[in-house]
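Input: a single structure, listed below in structure tokens.
We use all heavy atoms of the structure for the numbers below, so side chains are in, but hydrogens, waters and symmetry mates are not.
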Amino acid sequence: MENTKDLAFDTFCKLLLHTFISQTEHTSRAERKRRDSFGMFDGYDSCSEDTSSSSSSDESEEEVAPLPSSLPIIKNNGQVYTYPDGKSGMATCEMCGMVGVRDAFYSKTKRFCSVSCSRSYSSNSKKASILARLQVGKPPTKKAKVLQKQPLVAKLAAYAQYQATLQNQAKTKAAVPVEGFSWGNYINSNSFTAAPVTCFKHAPMGTCWGDISEGVRVEVPNTDCSLPTKVFWIAGIVKLAGYNALLRYEGFENDSSLDFWCNVCGSDIHPVGWCATSGKPLVPPRTIQHKYTNWKAFLVKRLTGAKTLPPDFSQKVSESMQYPFKTSMRVEVVDKTHLCRTRVAVVESVIGGRLRLVYEESEDKTDDFWCHMYSPLIHHIGWSRSIGHRFKRSDITKKQDGHFDAPPHLFMKVKEVDAAGEWFKEGMKLEAIDPLNLSAICVATIRKVLADGYLMIGIDGSEAADGSDWFCYHATSPSIFPVGFCEINMIELTPPRGYTKLPFKWFDYLRETDSIAAPVKLFNKEVPNHGFHVGMKLEAVDLMEPRLVCVATVTRIIHRLLRIHFDGWEDEYDQWVDCESPDLYPVGWCQLTGYQLQPPAPQSSRDSQSSSSKQKKKAKSQQYKGHKKMTSLQLKEELLDGEEYSFLQGASDQESNGSASYYIKQEP
């Protein structure tokens, strides 16, 4: 996504539209003069002047160059628009859009803010780039093509109409509040840090968040006002927590008494200049309304050189929340009662990219399964047959009315692998996250090699006789590891159930079972620069009950592997997940998408759950819900013995973004 645009450029574009709207509505000249370039009521300033004796002495109005009472009207090819330049004391650079004091601009014409912008403007390629930016809302590039210039006012008018449509849609969307829990209060009272939105590529705006950061200015409703109508004021971002931002109204400086949290992607957050285009009034909060006599001059000084949201931010949010999966689509998904096979399921609902799938044979639609549309657990119809995976045939002989197969291109693609040379073989040993207990990494065995790089994995010591709990992992899956991974990274490895020679040693176990370790070079060693750090807050799916999204914390980082802890619950409910897991979301995701967020568990719930957990430890559930709630054995930290193995340096929790080798290496 493009970087956040300069306030002046955004304000300039929207001023054009404001004038256009004013003329098309045939309003009177007196009405058009009521609002200035910031959308403020001139009458409000006159009220302030009457009470100038009560204004604060912190900053005198003489220090700021005042704006003119009216801006010049320029005519060009029959189009009439307001131009925020001229001899008004302020100028806008025609190259980069930066606003500033006119006298400080370069050359006699004061068209550019610097020599660099003046020279760049003379380049034909740069002119084309500027035109491209105006038309598609993207930053200029050297390869931009010369585009046919269209009437800018018409484009901006269409954009304003689109913004209004988005607002109406947002009003109808029912966000689900969490009774008694507020992310803002939770973050503030404990000085927590939230994982940035850019850590979640699958989440809305994950790949186009841009430069939204502390200091960015926005226009928001003014709640500190006694006027009967809804008015707005400018606020700056003080702190970011995922999608949520702590905002402070302009004019409050270091006073945090009226700070408030809101979702940046919400319908009430707008770029600076939106009020001018929408005919909405900007009114200073009542608490500070007498602080300055000339609020327009104050805003000019405060906003010069500042950043705001891109003009197409709302459009990007809307686009990023359009999901290709639709209700009534048929897919193949893991059978939660028999992990070794898949079944046909139908998409019942889509919320924030998460799918509620109902197994096709469920007449009352209660036999369901939740997962994200990018989950490795769902596939297109025919996938199982194509790779040789087990599949439960449906008793339904034909599709029900309205049901249709989801197109194959909608599903997450796996990395292609070359199985022609040295490859995984049945019986090879490895370490794998137990799909029935995501808090544990266990000793595992390759039970079957399928096509296209897929493997059937069994957890040693706890496999069913018929192999019904074998689980399908792709060879590039970040959930399988070579022998020795846990040891060198100081992770507790869960040995086979019933294995008595503790502490567990791989060298002895391989010799006893007459087996070999899967070659290290076959595993996925890619470590993306994910951006997570220990202690960051987020919202995470509890795969013990996949319909739940909970308040969670990153407690360990081993390269791309994250240890997720659910706030308020015991450590035994933790999960090992990949940094790119589609089951992790930024703070505020539930509020944005209307999904129900599960707050940290109170003490009473923890005690009840702990008691229930102890009663269930004797029985192993065959449903794919995550935790088995079994306490892992406490193993001593020892290096493996044996001359055949040597180890490379493991990564600490803080060394999360490196790409150094960290696997065991077999010597020839």
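Checking side-chain atoms of Thr555 against main-chain N and O of Arg563 turns up a donor-acceptor pair under 3.5 Å. Remark: side-chain polar atoms of Asp224 are paired, donor with acceptor, to backbone N or O of Arg286 under 3.5 angstrom. No side-chain donor-acceptor contact under 3.5 Å links Asn222 to the backbone of Val231. With Asp312 contributing its side chain and Gln315 its backbone, the two residues share no donor-acceptor pair below 3.5 Å. Judged by distance alone, the side chain of Thr304 and the main-chain N or O of Val300 form a donor-acceptor pair under 3.5 Å. Looking at Ser320, its side chain does come within 3.5 Å of a backbone N or O of Lys316 through a donor-acceptor pair. The backbone N or O of Cys275 sits less than 3.5 Å from a side-chain atom of Glu219, completing a donor-acceptor pair.
Side-chain contact between Leu247 and Asp259: absent, with no pair of heavy atoms (C-beta onward) separated by less than 4.5 Å. At least one side-chain heavy atom of Ile491 sits less than 4.5 Å from a side-chain heavy atom of Arg556. Residues Cys199 and His530 are not in side-chain contact: their nearest non-hydrogen atoms beyond the backbone lie 4.5 Å or more apart. The closest side-chain heavy-atom distance from Asp542 to Gln598 is not below 4.5 Å. A 4.5 Å side-chain heavy-atom check between Val218 and Pro271 finds every atom pair outside the cut-off. Residues Tyr323 and Leu355 form no side-chain contact, since every pair of their non-hydrogen atoms from C-beta on lies 4.5 Å or further apart. Contact of the Leu562 side chain with the Phe532 side chain is registered, since non-hydrogen atoms from C-beta on lie closer than 4.5 Å. You'll find the side chain of Val220 stays beyond 4.5 Å of the side chain of Asp268, heavy atoms only.
Scanning both residues, Ile269 and Cys262, for their nearest heavy atoms gives CD1-SG, 3.3 Å. Annotation for Val197 and Pro204: closest pair CG1-O, 4.0 Å, computed over non-hydrogen atoms.
The line from CD1 of Ile234 to OG1 of Thr308 is 8.0 Å long, rounded to the nearest 0.5 Å. Atom NZ of Lys307 and atom OG of Ser213 lie 10.0 Å apart (nearest 0.5 Å). One finds the CD atom of Gln575 at 8.0 Å from the CG atom of Asp583 (value rounded to the nearest 0.5 Å). Atoms CD and NE2, on Glu570 and His565 in that order, are 8.0 Å from each other to the nearest 0.5 Å. Atom-to-atom distance recorded for Arg547:CZ and Ile351:CD1 is 12.0 Å, nearest 0.5 angstrom. A distance of 3.5 Å separates CG of Asp567 from OG1 of Thr553, quoted to the nearest 0.5 Å.
Between Tyr249 and Phe260, the angle of the ring planes lies from 30° to 60°, which puts this pair in the tilted group. Relative orientation of the Trp274 and Phe232 rings is perpendicular, given thresholds of 30° and 60° on the angle between their planes.
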For this session: Tell me, with the steps shown, if Ser439 and Asp574 meet side chain to side chain donor-acceptor pair (under 3.5 Å).
Result: CA-CA 5 Å; Ser439 66; Asp574 290 1; over 6 Å; no

Exercise. Step by step, would you call Ile237 with Leu246 a side chain to side chain contact (heavy atoms under 4.5 Å, CB included)?
Worked result: CA-CA 6 Å; Ile237 297 178; Leu246 181 63; over 6 Å; no

For this session: Please test Trp576 against Ile564 for side chain to side chain contact (heavy atoms under 4.5 Å, CB included), starting from the C-alpha separation and ending with a verdict.
Result: CA-CA 6 Å; Trp576 285 110; Ile564 302 299; over 6 Å; no

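The cationic atom of Lys537 (NZ for Lys, CZ for Arg) lies less than 6.0 Å from the six-membered ring centre of Phe192 and within 45° of the ring axis.
Checked for salt-bridge contact, Arg560 and Glu580 meet the test: a charged N lies under 4.0 Å from a carboxylate O. With salt bridges taken as basic N to acidic carboxylate O contacts below 4.0 Å, one links Lys291 and Glu253.
Ring pair Tyr292/Phe298: centre-to-centre distance below 6.0 Å. Remark: aromatic rings of Tyr243 and Trp261 are distant, center separation not under 6.0 Å. Aromatic ring centres of Trp295 and Trp233 lie closer together than 6.0 Å.
The side chain to side chain contact (heavy atoms under 4.5 Å, CB included) test with Leu309 singles out one residue from Val317, Val272, Val264, Asp211, and that residue is Val264. When each of His202, Glu539, Arg354 is paired with Tyr585, the side-chain hydrogen bond (donor to acceptor under 3.5 Å, both in side chains) condition holds for Arg354 and for no other.
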